*Asks:* 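Take this structure first; my questions come after.
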Amino acid sequence: MGKVLALLVFILLALASVAGYIFLTGKINAGERQMAAGQIKHDKGQTALDKGKVKLEAGKQELSEGKKEYEQAKDSWFLVFADKLLKGGEGFKDAEKKIAEGDKQVAKGEHKVNVGERRLDIGELELSHGMELMRLAKGARVACAVGAVFFTALSILLGFWWRRSLSRLFRQTDA
């Protein structure tokens with residue numbers, strides 16, 4: 001009776017290994033698709049971040065030039081006098097408002113770039129974590145395949161080796 005139980009255990013272990021192999025193969029395939037999609041999103045995010053940085057630098061440069069022009073104009077007593085005479089001082093007030101608005105836009109741009117960099121870093125960490133999990137799952141799948149082959153071969157080998165004693169056991173129970 002012990003041989004029958006041992007043979008059944010080995011057959012069940014072989015079946016469990018095959019089931020584990022099939023299950024892990026499905027999970028690995030789904031994970032690889034998710035990893036590919038995540039890599040595409042990461043690449044798009046990197047491109048968008050690079051464009052944002054270029055746009056931010058251009059905005060900073062334009063603001064810096066505007067501030068220089070404003071300071072030069074403010075230092076010219078003739079332009080100050082002409083503005084007060086012709087526009088009632090509104091030209092310099094408008095310029096100050098535009099410079100303040102430019103400062104706000106640059107600050108918003110810097111914040112967006114910082115947030116984008118953080119999100120990209122988080123995405124990179126998630127991708128590397130996913131790759132590590134994928135590596136572990138592939139190792140487990142190989143272990144299941146080896147287990148399936150080993151337990152199947154062992155079951156077949158023991159079935160042939162014990163066939164006489166197993167057939168006697170089943171003949172005795174039939175009688």
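Computed from a predicted structure; not experimentally measured.
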*Asks:* Measure the CD-CG distance between E132 and L136 for me, rounded to the nearest 0.5 Å.
*Replies:*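 One gets 5.0 Å once the value is rounded to the nearest 0.5 Å.
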*Asks:* Show the atom names and distances, to 0.1 Å, of all donor-acceptor pairs under 3.5 Å that link a side chain in residues 54-63 to residues at least two apart or in another chain.
*Replies:*
| residue | atom | partner | partner atom | Å |
| --- | --- | --- | --- | --- |
| K60 | NZ | E110 | OE2 | 2.9 |
| Q61 | NE2 | E65 | OE2 | 3.1 |

*Asks:* May I ask whether L120 and V113 are part of the same hydrophobic cluster, defined by side-chain heavy atoms of I, L, V, M, F, W, Y residues being less than 4.5 angstrom apart, directly or through others?
*Replies:*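 Per the 4.5 Å side-chain linkage, L120 and V113 are co-clustered.
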*Asks:* Could you tell me the separation between the CG atom of L125 and the NE2 atom of H129, rounded to the nearest 0.5 Å?
*Replies:*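 One gets 10.5 Å once the value is rounded to the nearest 0.5 Å.
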*Asks:* Could you measure the distance from the CH2 atom of W161 to the CG atom of L154? Nearest 0.5 Å is fine.
*Replies:*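 So the gap between those two atoms works out to 10.0 Å.
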*Asks:* Between side-chain atoms of residues 25-36 and protein atoms elsewhere (two or more places apart, or another chain), which donor-acceptor pairs fall under 3.5 Å?
*Replies:*
| residue | atom | partner | partner atom | Å |
| --- | --- | --- | --- | --- |
| T25 | OG1 | Y21 | O | 2.8 |
| N29 | ND2 | T25 | O | 3.3 |
| E32 | OE2 | K138 | NZ | 3.1 |

*Asks:* State which residues pass salt bridge (Lys or Arg N to Asp or Glu O under 4.0 Å) with K98; sequence neighbours excluded, sorted by chain then number.
*Replies:*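 Here no residue qualifies.
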*Asks:* Are any of the side-chain heavy atoms of K67 and D103 separated by less than 4.5 Å?
*Replies:*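 Counting from C-beta outward, K67 and D103 do come under 4.5 Å.
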*Asks:* Only pairs under 3.5 Å count here: list side-chain donor-acceptor contacts from residues 142-151, not counting sequence neighbours, and write none if there are none.
*Replies:*
none

*Asks:* Between E117 and K112, does at least one N-O distance fall below 4.0 Å, as a salt bridge requires?
*Replies:*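 No, this pair does not count.
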*Asks:* Show me the donor-acceptor pairs within less than 3.5 Å that the side chains of residues 10-17 make with the rest of the protein, sequence neighbours left out.
*Replies:*
| residue | atom | partner | partner atom | Å |
| --- | --- | --- | --- | --- |
| S17 | OG | L13 | O | 3.0 |

*Asks:* Measure the CD1-CD distance between I99 and E69 for me, rounded to the nearest 0.5 Å.
*Replies:*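 If I round to the nearest 0.5 Å, the distance is 9.5 Å.
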*Asks:* Apply side chain to side chain donor-acceptor pair (under 3.5 Å) to K41 and list each qualifying residue two or more places apart in sequence or on a separate chain.
*Replies:*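 K41 satisfies side chain to side chain donor-acceptor pair (under 3.5 Å) with no residue once adjacent residues are dropped.
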*Asks:* Between L7 and V9, is there shared hydrophobic-cluster membership here, with clusters defined by ILVMFWY side-chain heavy atoms closer than 4.5 Å?
*Replies:*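 In one cluster with L7: V9, yes.
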*Asks:* Heavy atoms only: give me the nearest L127-Q39 pair and the separation to one decimal.
*Replies:*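 Answer, listing the atom of L127 first, then Q39: CD1-OE1, 3.5 Å.
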*Asks:* Taking atom CD of Q46 and atom CG of L49, what is their separation to the nearest 0.5 Å?
*Replies:*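 One gets 5.5 Å once the value is rounded to the nearest 0.5 Å.
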